[in-house]
Amino acid sequence: MSATSETKPVKKRQGVIEHTLSDISHTLEQSIFAEDIARQRGLLQSIDPRVKVLSMVALLIAVGLSRSLAVIIGLYLLTLVLARVSAVPMSFFIKRVWLFMPFFTGIIALPALFITPGPTLVQLPLGLMITRTGAMTALFLLLRVSTSVSLAILLVLTTPWNSVLKALGVLHVPDVFVLILGMTYRYIYLLLHTVNDMFLSRKSRVMGRLSGAEERRLIAASAGTLLGKSLHLSGEVYLAMQSRGFRGYPRTMDTFKMRALDWACLIGMLLVTGIAIWLGSQGTQ
Amino acid sequence: MSNEAVFDFQGVSFAYDGKVKALEDASLCVEAGERVAILGSNGSGKSTLLKLMDGLYFPNAGTACAFGAALTEQAFQDDAFNFSFRQRVGLVFQDSEVQLFSPSVWDEVAFAPLQLGLRREDVVKRVDDALVSLRIEKLRDRAPHRLSGGEKKRVALASVLSFNPEVWLMDEPTAGLDPRSQSWLVDFLIEQGRAGKTVVTATHDLNIVDSIADRVYVINEDHHIVAQGTPGEVLSNHELLIACNLMHEHLHRHDDRSEEHSHPHIHLPSHEHLTA
Ligand SMILES: Nc1ncnc2c1ncn2[C@@H]1O[C@H](COP(=O)(O)OP(=O)(O)OP(=O)(O)O)[C@@H](O)[C@H]1O
Ligand SMILES: [Mg+2]
Ligand SMILES: [Zn+2]
Ligand SMILES: [Zn+2]
């Protein structure tokens with residue numbers, strides 16, 4: 001009891017908006033940029049990033065094309081198995097996908113539930129009804145998105161970001177696109193990091209609780225500072241690149257090597273994809 | 001050839017956006033193999049001067065020459081000129097953060113050799129050598145922006161060392177480093193000097209000037225170069241150093257004079273403050 005009464009006032013000092021913002025930015029920084037899983041030993045960690053990127057794209061296509069629920073569920077289970085053998089903590093993996101799901105699909109899936117015409121499944125008050133077709137459509141959408149998101153998360157969690165970028169480069173995604181992606185990542189990191197630092201430094205200085213209006217004003221001012229900072233930073237980064245010989249297009253070097261395991265994995269994944277696409281096209285809903 | 005000036009600046013002025021004055025009527029000359037310190041307080045224009053020397057900004061007035069050629073925006077349009085200049089001159093930025101933009105330390109250090117079109121084997125060798133000589137082999141796969149301040153500085157140095165420039169432009173290299181890293185960095189600069197490199201260091205750290213420079217330029221708070229001389233001459237000119245906000249005066253005590261007293265000083269280890 002005494003512990004909670006001591007911690008409570010501290011919590012109250014942060015306004016609601018600020019608390020939420022700092023929570024989000026902190027979680028984001030931790031979850032996007034922690035590369036500890038990518039450094040573990042596991043099946044996916046030991047596969048060539050190019051194979052992983054190719055397999056992921058192939059499987060995404062299979063998920064997108066499939067008209068059979070069973071196939072999509074099968075592919076989702078496959079991601080679980082792959083996570084399992086790649087030292088990805090299960091609860092973390094499943095939770096991360098399903099927590100974000102309502103966010104992404106809920107808004108789209110919900111109307112589909114009601115407005116798709118078809119045989120009635122459940123009759124609700126106010127003349128609303130859930131049709132069988134509507135329920136199927138929503139279910140498909142939900143499963144498709146979560147399977148796709150699982151695949152993407154699996155790739156990002158088990159591969160250091162720089163290897164993902166390099167793999168894209170090697171696979172002839174244009175250099176400029178890869179460069180922009182890489183810089184975006186760095187800016188996001190810096191932005192999140194700066195935001196977190198700003199919250200921390202504010203926390204250490206603000207003694208009393210701010211009113212809602214004060215809080216909003218402070219946040220607006222911080223946003224301005226942040227924008228100025230990132231503009232200044234991008235200018236300086238560009239100078240630093242120029243200073244070391246950059247002339248508008250980056251030159252990179254790949255150091256990947258395909259081994260037997262990589263070939264086996266590539267062939268295996270392409271087979272799975274082929275079968276999934278074939279089965280998926282046979283599927284009746 | 002050996003006495004051709006590396007840098008020859010005559011009456012150079014520069015203002016950001018044409019409004020914020022950063023450098024006024026600056027004239028200076030740096031010979032090949034010379035070690036020069038640029039002294040000035042915060043905001044005096046040191047970083048700006050180094051960026052002008054590195055051909056990143058161009059003067060609003062006056063002429064800036066390097067290796068006998070004028071540094072102009074036009075000159076850098078020429079690939080051959082850009083290539084040879086960039087290869088000869090390396091700038092270590094004040095803020096390592098901006099210098100580290102690659103996904104891994106290895107890529108960061110390989111950036112310049114790759115841009116300068118070296119062969120693959122050479123790139124690999126250069127990078128490995130640079131990592132070893134700065135003792136950061138262990139960091140090779142880490143993301144540069146997640147390193148500590150001191151580690152970042154080493155990576156920034158390695159990213160310039162890997163293309164082995166003739167001229168090092170160093171912007172406040174010791175700022176933010178702990179004492180051991182600071183003396184390591186001073187040693188690094190001394191080594192570069194011994195190897196015949198030209199080293200231009202901007203700093204407001206009077207402690208290191210003697211070790212890293214044969215000649216000193218002083219910039220005042222109005223962005224003018226107000227003095228030049230040997231480290232001995234400049235460091236003994238207290239009036240100048242106080243006027244340029246590089247030295248200060250306040251009440252203090254130290255081991256050999258235990259009563260409270262006041263005189264101009266800088267914070268040398270031998271002149272530590274016993275009271276603030
Ligand atoms: N990108 C910029 N845009 C506008 N003004 C700038 C910019 N960079 C520097 N200035 C201004 O130009 C002047 C000289 O700045 P400069 O960074 O060259 O000083 P400095 O001697 O390196 O200072 P410090 O010791 O703090 O690094 C300062 O008044 C500064 O406010
Ligand atoms: Mg500076
Ligand atoms: Zn004294
Ligand atoms: Zn003092």
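Computed from a prediction, not measured in an experiment: that's the story for all the values here. A note on names: the letters A, B, ... follow the listed sequences, proteins ahead of strands, and every chain is numbered from 1. These numbers come from the heavy atoms of this one structure, side chains and all, not from hydrogens, waters or symmetry mates.
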How long is the span from the [atom1] atom in [X] to the [atom2] atom in [Y], to the nearest 0.5 Å?
X	Y	atom1	atom2	result
B:Lys51	A:Ser243	NZ	OG	10.5 Å
A:Glu236	B:Gln99	CD	CD	10.5 Å
A:Arg244	B:Gln115	CZ	CD	9.0 Å

Margin query: Restricting to non-hydrogen atoms, name the atom on B:Leu56 and the atom on A:Leu239 that form the minimum distance, rounded to 0.1 Å.
Written below: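 Scanning both residues, the minimum pair turns out to be CD2-O, 3.6 Å.
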Next item on the list: List in chain and number order the residues that pass ring-ring contact (aromatic ring centres under 6.0 Å, His included) with B:Phe85, two or more places apart in sequence or in another chain; answer none if no residue qualifies.
Entry: B:Phe76
Next item on the list: Counting only heavy atoms closer than 4.5 Å, note whether B:Gln77 contacts chain A via side chain, backbone, both or neither.
Entry: backbone
Check: Looking at B:Asn82, B:Val160, B:Leu91, which has the largest count of heavy-atom pairs under 4.5 Å with chain A?
Finding: B:Asn82
Item checked: B:Gln74, CD atom: more than 12 neighbouring heavy atoms under 6.0 Å ->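 Not more than 12 within 6.0 Å, no.
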